[in-house]
Amino acid sequence: MDLEETKLPGVGLRHDFTTARGRRIGVISTRGGERELLVYSQDDPDACHAVVDLDGDEAEVLAELLGQPRVIERLARLREQIEGLATEGIYLEDSSPYVGKTLGDAAIRSRTGASVVALVRNGEVVPSPAPSQQFSSGDKIVVVGTQEGVRATAELLHNG
Amino acid sequence: MHTAALLIELGAVIFGLGLVGRLAGRLGISPVPLYLLAGLAFGAGGVVPLNAPEGFLDAASEIGVVMLLLLLGLEYSAGDLLGNLRRQAPVGVLDLLLNGLPGAAFGLLLGFGPVGALAMFGITAVSSSGIVAKVLADLGRLGNRETPSVLGILVLEDLGMAVYLPILTAVLAASGVWEATGSVLIALACLAVALVVALRWGSVISKFVSGGSGEVTLLRVLGLALLVAGVAEQLHVSAAVGAFLLGISLSNDLAPEAHHRLEPLRDLFAAVFFVSFGLSTDPSSLPPVLLPALVLVVVGVVTKLVTGWVAARRAGIAVPGRIRAGAALIPRGEFSIVIAGLATAAGVDARLAALAAAYVLVMAVLGPVLARFADPWARAYVRRQREKAATTAR
């Protein structure tokens, strides 16, 4: 993927690239902090099919939404980078005693030393869940810690 | 009694401009032509002649030109300017010659004399960067791939004006050919020195005015701008160019802050400038120049289309984008009025102001309309090309 940068004098900067499937998209960053999301037309590659104006906050929310699934990818990479650090996505089965309980009830951190960094439910990611976060069966609980800590967490979530 | 009259008339004018500006927003056009019309309606020979605020309007319109150019300069860093010059210089030269020479020829034909012809060159050469940038943003074209070429031309035109305005001011102020040559040379030398100062020691100047509360920044930047503009005017480099160069040298860390603080002031004083140009133009002088103005409009539309076509083709843009680039460049505006204002103040043929007013009025309204029109046309063109390709494939 080639990210192209173009200066727009008096306006700001434009970044754009072509996706693997051939759509061209881009973002204009104005000096005032606003962002414009650009979707190029397929018929006329020089023109934009859609332009969405975003203020600073909106752009941040969009970036977060687009970036979230990558949290887990990055964690996987992190495991390779830092020796001794283990990451695992543990599925919560129907039989688990923690179905319907909260993250606080499980007290994973104080009992195993491992931390729950995210929860994946129906493909949606809840990053850094609060202690009040309820578990339901089928959740994927993303845990980071030592090998033993992660193993102990899996054990704990299965059998209590 | 005088104060009361001044406040009432001035208040009415500014409030009226606000209403007119709102109307322009509704119609989706630039307010510049409407400000001109408002000025024409109230000035000498207009519906209601204004007398009380004349002195204030004159001073405010001078400040308006300084503010317009100062903020324009703030838009660009020296790096932007030089980078564009290196990449697009041939297009910039083509743009200025192709669009300026017909204006100059008209000036000679109408008997404005060589100095008037020089002024007409500038009036027809430059697009309005304000209107063009607004049209591009309104039509959602900032992301289009022809847009950097369009913006690049605007930058070069602004830079071209930085050279042209001092020449024009020097020629306007001089009496004979030799004197004119001398003052042009002095003006250009001053310009070169100022550019080097802006490029080299811009950060020093910035440091000089940055720091402290918003209020003191505003006062220092505005004060410095007026000072520099005044000194430049004394040296016959033109106040506008002084302000533009100051803007360029301030265009780094300070620029967003200064821009934010000065923008409302620019809007106010620039509006006064346009209305005051309209005020000083007698509406009855318009009909005689209407025909030449319209011919000039047709020529000007065609030459800008050619400029845009060439610039976009150089950037590897397809036919629809080339047309869009040309159409976007059509509007003339603030610079043309600035030049006409300078020329009339120096005593060039009074018809020149009327011709410039009529020309800008038509162009500033026609430009955005044509730019909008380019979109459906481009879509139809692309569809036709695809159908043609489909039939040949079969």
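Source: prediction; values computed, not measured.
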Working for side chain to side chain contact (heavy atoms under 4.5 Å, CB included), residues B:R386 and A:D43 = CA-CA 9 Å; B:R386 219 180 20 207; A:D43 301 332; 2.6 Å; yes
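- The two residues A:T6 and B:P148 have their closest heavy-atom pair at CG2-CG, 3.7 Å.
- Sparse packing is recorded around OH of A:Y91, with 12 or fewer heavy atoms of other residues, nucleotides or ligands lying under 6.0 Å away.
- Contacts between B:A318 and chain A at a heavy-atom distance below 4.5 Å involve backbone atoms as well as side-chain atoms.
- For chain B, the option among A:A50, A:P45, A:G26, A:S41 with the highest count of heavy-atom pairs below 4.5 Å is A:P45.
- The number of heavy atoms from other shown groups lying within 6.0 Å of CZ (A:R109) does not exceed 12.
- The two residues A:C48 and B:G140 have their closest heavy-atom pair at CB-O, 4.3 Å.
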message = For a salt bridge (Lys or Arg N to Asp or Glu O under 4.0 Å) check, start with the C-alpha distance between A:D44 and B:R324, then their side-chain angles and the critical distance, and finish with the verdict.
response = CA-CA 12 Å; A:D44 177 1; B:R324 279 194 301 263; 2.9 Å; yes
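- The closest side-chain heavy-atom distance from B:I317 to A:D46 is below 4.5 Å.
- Heavy atoms closer than 4.5 Å to chain B are found in both the backbone and the side chain of A:L8.
- Between B:L151 and A:V11 the shortest side-chain heavy-atom distance falls below 4.5 Å.
- Taking every heavy atom of both residues into account, A:R14 and B:R145 meet most closely at NH1-CA, 3.8 Å.
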